[in-house]
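Residue numbers start at 1 and run along the sequence shown.
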Amino acid sequence: MEPTAGKPSFMRNMMVRVLLFGVLVIGVRFAYVVTIRGESCDLGDFCFFSLPDNFNLPGAGKIGASAIVVKDAARSTFAAPSRVDLWTSKGWRKAVQFYSSVFQDLIVDGYLTPNSKSLCVETSAGQDVFALREIGVVDAIGTAKKKSPPLVVSALPSRQPFDDDTFDFVFSGGGAFDKVMRPLDFASEIARTLKPEGFLVVHTKTKDEYSFNSFVDLFNCCTVVKTRELDGMDSSMPYIREIVLKKEPGIISHGTPKSHSNSVNKCSVPGHKKELFRKAEPLITEEPLKPWITLKRNIKNIKYLSSMADISFKQRYVYVDVGARSYGSSIGSWFRKQYPKQNKTFEVYAIEADKTFHDEYKLKKRVTLLPYAAWVRNETLFFEINQDPGHKDVEKGRGMGRIQPGQSSASSDAVVDQIEGFDFANWLKNSVTERDFVVMKMDVEGTEFDLIPRLFETGAICLIDEIFLECHYNRWQRCCPGERSSKYQKTYDQCLDLFSNLRNIFELDVK
């Protein structure tokens, strides 16, 4: 009887099973890597996915270490299937190829080199950073509100976590500047981190010269060296305007606005504003016999500036209603509902001397009431109001108030109040800047013939982007055919001259 071989056979079977299990694990691993990741790497790591050996994270000033070799961290950072899937997706590769082409053109033009320390701002996924590293600009990093390691670190547009004069090259793609809430703060941070003689390249959607110049005005530190038009990479941004700026040495303050003023009381109107204003609706040169009908016929012909130009690159948006009366008179009924605001939030100032309307504004949010009379200097005035006998309701029947520098011989049905007037032109110069978008409506019952010349004299007129003016003259009366109003002494020709002077500001500088 032969001895049994049970024990050796058992061991042999176990070894075969372990070997088969190992082969199965290797096969599954191989199939997963090839089908999911789709690339190969060195066999030592057995990951079938690799990044260039020079794919490094650069130093980031306040962020920390000088460099982190990404390949060494691949197991913990890059091996996540979701991220690898993203980097090998069709959309990702298309974006990377687009940016690679853009950056290679910039290298040819001398604005970017392989040794440039580079920053890509407001880049959510980091395709532009990836593209820079792929073409050999290895010292590149991106910033966005939400980090996307290792390409993008977390940062707010107005608080970049880097030291002054850190980068040789800064890039803003995808229309990021068109989307930020406070472009001046964003621009100031970019200018701060850019080295003197470094280059900033921005991709924006803007087409018109008004918005282009508004953008350039954000950068007092830089000069434009090149612009060109590009086809976008998808339908979300089919048109791209590429702007290349160079930071000039010796700039200390990055937030000071570029000024078009050459003295305290002078201003120079930029050419792009002059050209835009020539597109405005024509003036009515002949006095209408029925002005109330002419107004209704022509009100649809008004060309709003914000319907002709992109106003995205302004620091603030301000509406000033001079002679506001009640909230519903023009702020609520016209500006809030009809003026094209391009989804911008406007600060509203209501200037109204008639105390009858003051309490109403206490309940209105985002409206600042100035309960005084807009005037040419700070002084006490008399405010004359003629009641409208056709209305029994006190507020609705309350006539329009007129400023009187001295006590006048008011009619028996007039109410005369003593009010405080303030230097409107001086207030405007202290309240807004050339970087703000300012819209003004003025309906001041004849005082426009005092206020408008004062705006010219002080140069404050150049702070206003768009003005809507009601000029008061001895027009034909609606109630009494053939009779003119005795309330105002100015003529239609004088009003026409006032409007012509306002338009001529865009032909000749104010001096």
Side-chain angles (χ1 to χ4, degrees), residues 86-87 89-114 116-137 140-144 148 151-152 157 167-180 183 186-187 190-191 194 197-219 221-247 272 275-276 308-314 342:
L86 172 65
W87 289 357
S89 66
K90 184 177 179 180
W92 173 276
R93 290 308 310 172
K94 180 180 178 181
V96 170
Q97 291 168 4
F98 172 80
Y99 287 124
S100 294
S101 175
V102 168
F103 294 141
Q104 286 169 359
D105 289 342
L106 293 171
I107 288 176
V108 171
D109 292 337
Y111 306 127
L112 176 65
T113 71
S116 296
K117 191 176 184 68
S118 303
L119 171 67
C120 299
V121 291
E122 288 298 284
T123 171
S124 58
Q127 296 101 321
D128 41 6
V129 181
F130 196 102
L132 281 170
R133 295 177 177 181
E134 192 172 66
I135 65 172
V137 184
I141 191 66
T143 61
S148 180
L151 301 175
V152 181
F167 297 99
D168 305 290
F169 177 83
V170 178
F171 178 72
S172 173
F177 255 100
D178 303 279
K179 304 170 186 174
V180 294
F186 189 25
I190 290 177
L194 185 64
E197 299 187 350
F199 292 98
L200 164 65
V201 177
V202 176
H203 284 182
T204 175
K205 298 178 182 179
T206 179
K207 294 183 179 181
D208 61 271
E209 289 305 303
Y210 181 91
S211 55
F212 169 74
N213 283 275
S214 297
F215 169 80
V216 173
D217 284 345
L218 295 174
F219 295 91
C221 64
C222 306
T223 56
V224 177
V225 295
K226 182 181 179 181
T227 64
R228 65 168 178 164
E229 297 178 0
L230 302 173
D231 292 330
M233 59 182 166
D234 54 41
S235 58
S236 65
M237 196 172 177
Y239 167 89
I240 293 174
R241 189 174 200 168
E242 183 178 84
I243 306 172
V244 183
L245 300 102
K246 181 179 180 180
K247 182 176 178 180
H272 64 277
E275 185 61 33
L276 187 62
M308 297 187 288
D310 183 357
I311 61 174
S312 297
F313 301 121
K314 292 293 186 177
Q342 296 186 14

Value rounded to 0.5 Å, distance of [atom1] in [X] from [atom2] in [Y]:
X: E229; Y: I240; atom1: CD; atom2: CD1; result: 11.0 Å
X: L119; Y: I141; atom1: CG; atom2: CD1; result: 8.5 Å
X: K246; Y: C221; atom1: NZ; atom2: SG; result: 12.5 Å
X: L106; Y: S118; atom1: CG; atom2: OG; result: 10.5 Å
X: I243; Y: L200; atom1: CD1; atom2: CG; result: 9.0 Å
X: C222; Y: L245; atom1: SG; atom2: CG; result: 5.5 Å

State whether E209 and R241 are salt-bridged, where the test is any N-O pair (Lys NZ or Arg NE/NH1/NH2 against Asp/Glu carboxylate O) under 4.0 Å.
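Salt bridge present between E209 and R241.
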Should the pair K207-D310 be classified as a salt bridge under the 4.0 Å nitrogen-to-oxygen rule?
no
Grab the two heavy atoms, one from [X] and one from [Y], that are nearest each other, plus how far apart they are.
X: A140; Y: R133; answer: O-NH2, 2.6 Å
X: A125; Y: V152; answer: C-CG2, 4.1 Å
X: A95; Y: M233; answer: CA-SD, 3.7 Å
X: A309; Y: Q342; answer: O-NE2, 2.7 Å
X: D128; Y: C120; answer: OD2-CB, 3.5 Å
X: P183; Y: S312; answer: CG-O, 3.8 Å

Candidates F212, F186, F171 - the one meeting ring-ring contact (aromatic ring centres under 6.0 Å, His included) with F177:
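Of the listed options, the one satisfying the test is F186.
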Check the side chains of S214 and D217 for a donor-acceptor pair under 3.5 angstrom, ignoring hydrogens and angles.
no
Is there a donor-acceptor contact under 3.5 Å linking the side chains of T204 and D178?
yes
Sub-4.5 Å side-chain heavy-atom contact between [X] and [Y]:
X: F169; Y: V201; result: yes
X: R93; Y: F130; result: yes
X: V96; Y: E134; result: yes
X: F167; Y: F199; result: no
X: K226; Y: Y111; result: yes

Sorted by chain and residue number, the side chain to side chain donor-acceptor pair (under 3.5 Å) partners of S236 (sequence neighbours excluded) come out as D234
With sequence neighbours left out, what residues match R228 under side chain to side chain donor-acceptor pair (under 3.5 Å)?
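So R228 forms a side chain to side chain donor-acceptor pair (under 3.5 Å) with D105, E242.
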Short question: side chain of [X], backbone of [Y] - any donor-acceptor pair under 3.5 Å?
X: K247; Y: L194; answer: yes
X: K205; Y: M237; answer: no
X: D168; Y: G198; answer: no
X: S101; Y: F98; answer: no
X: K179; Y: G174; answer: yes
X: S116; Y: T113; answer: yes

Kindly determine whether I135 and I107 satisfy side chain to side chain contact (heavy atoms under 4.5 Å, CB included), including the steps that lead there.
CA-CA 10 Å; I135 65 172; I107 288 176; 3.9 Å; yes
Name of the residue among F313, Y239, F215 meeting side chain to side chain contact (heavy atoms under 4.5 Å, CB included) with T206
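That would be F313; it is the only one of F313, Y239, F215 passing the side chain to side chain contact (heavy atoms under 4.5 Å, CB included) with T206.
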Would you please classify the geometry between the H203 ring and the Y99 ring as parallel, tilted or perpendicular, with 30° and 60° separating the classes?
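Plane angle under 30°, so parallel.
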